[in-house]
Amino acid sequence: MKKILGTVIVFTVLASFACTRHHVTADTTHRVEIAPIHVTVDINLKVQRALDDALNFQGGLDEVFTKEELEMLNKK
Amino acid sequence: MKGKRILAAICFVSLVFSLAATAAAQDRNTVVNSMKERYPALLQAKAQGFIGETWNGLVSIVNPAAPAGAKAIADGESSDRRALFQIIAKETSTPVEEVARQNRIRMYRLAEDNHFLQNQNRQWVLKKDLK
């Protein structure tokens with residue numbers, strides 16, 4: 001009985017020396033991709049068309065908006 | 001007899017509506033023609049830095065020391081724009097303020113870099129400096 005107890009104590013002591021402390025540092029930095037800033041303006045196409053219809057001598061819709069913007073507005 | 005009365009009433013209502021539509025079209029044409037005639041002078045006054053586009057879709061004198069002619073152009077243009085905003089608001093069933101806002105977007109985009117525009121704080125800035 002004493003032999004068994006002694007063996008357990010010896011193993012416990014050896015096992016405690018075998019333990020090492022590990023510092024795990026987690027990287028909490030989030031990589032955020034900065035996209036180009038798009039300024040959102042509320043375009044009322046119906047009103048813009050009415051203004052264009054009346055005031056096209058100042059410049060047409062194609063001068064007011066880019067081709068991409070017009071495509072986007074026409075899709076709505 | 002009753003049929004003739006109904007027919008006469010329909011004709012009368014049609015006539016009233018067509019006259020109203022013609023009057024509205026004439027108003028619109030009058031305003032647009034007035035703006036078209038003024039446009040070269042307005043552009044010149046903008047290029048000289050006397051007149052700028054305001055935040056509420058109208059135009060105004062940038063410098064109080066601007067010549068009287070420039071003030072007359074600004075007043076006439078703003079008056080015509082107000083009338084046109086009313087007409088378009090009716091045509092499109094949109095609030096007048098929204099029509100004015102859309103016109104501001106339009107005019108700011110059409111402005112040259114050396115034209116004055118009002119920023120959100122109603123301060124005059126050149127378009128090229130507008131952030």
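Order of the sequence lines sets the chain letters (A, B, ...), proteins ahead of strands, with each chain counted from 1.
- Hydrophobic clustering keeps W124(B) apart from I51(B) (ILVMFWY residues linked when any side-chain heavy atoms are closer than 4.5 Å, directly or through intermediates).
- Chosen from L43(B), L42(B), V32(B), the residue pairing most often with chain A at heavy-atom distances under 4.5 Å is V32(B).
- Heavy-atom minimum distance, R28(B) versus A50(A): NH2-O, 3.9 Å.
- At least one donor-acceptor pair under 3.5 Å links the side chain of Q48(A) to the backbone N or O of Q102(B).
- Taking hydrophobic clusters as Ile, Leu, Val, Met, Phe, Trp and Tyr residues chained together by side-chain heavy-atom distances below 4.5 Å, L126(B) does not share a cluster with L117(B).
- In this structure, K36(B) and Q58(A) have side chains that are not in contact, with every pair of non-hydrogen atoms separated by 4.5 Å or more.
- Taking D53(A), L61(A), V47(A) one by one and counting their heavy-atom pairs under 4.5 Å with chain B, the maximum is reached by V47(A).
- The neighbour count for K127(B) NZ, taken as heavy atoms of other residues, nucleotides or ligands under 6.0 Å away, is above 12.
- Of the possible donor and acceptor atoms, none in the side chain of R101(B) sits under 3.5 Å from a partner among the backbone N and O of I43(A).
- How far CG of L51(A) is from CZ of F85(B): 7.0 Å, rounded to the nearest 0.5 Å.
- The CG atom of N33(B) lies 9.0 Å from the CZ atom of F57(A); values are rounded to the nearest 0.5 Å.
- Between E98(B) and N44(A), the closest heavy-atom pair is OE2-CB, 3.7 Å.
- With respect to R109(B) and E69(A), a salt bridge is recorded, a charged nitrogen being found less than 4.0 Å from a carboxylate O.
- In terms of hydrophobic clustering, with Ile, Leu, Val, Met, Phe, Trp and Tyr side chains grouped at heavy-atom distances under 4.5 Å, L58(B) and F116(B) are assigned to different clusters.
- Proximity of L55(A) to L84(B): side-chain heavy atoms (C-beta onward) are separated by under 4.5 Å at one or more points.
- A side-chain donor-acceptor contact under 3.5 Å links K46(A) to the backbone of T92(B).
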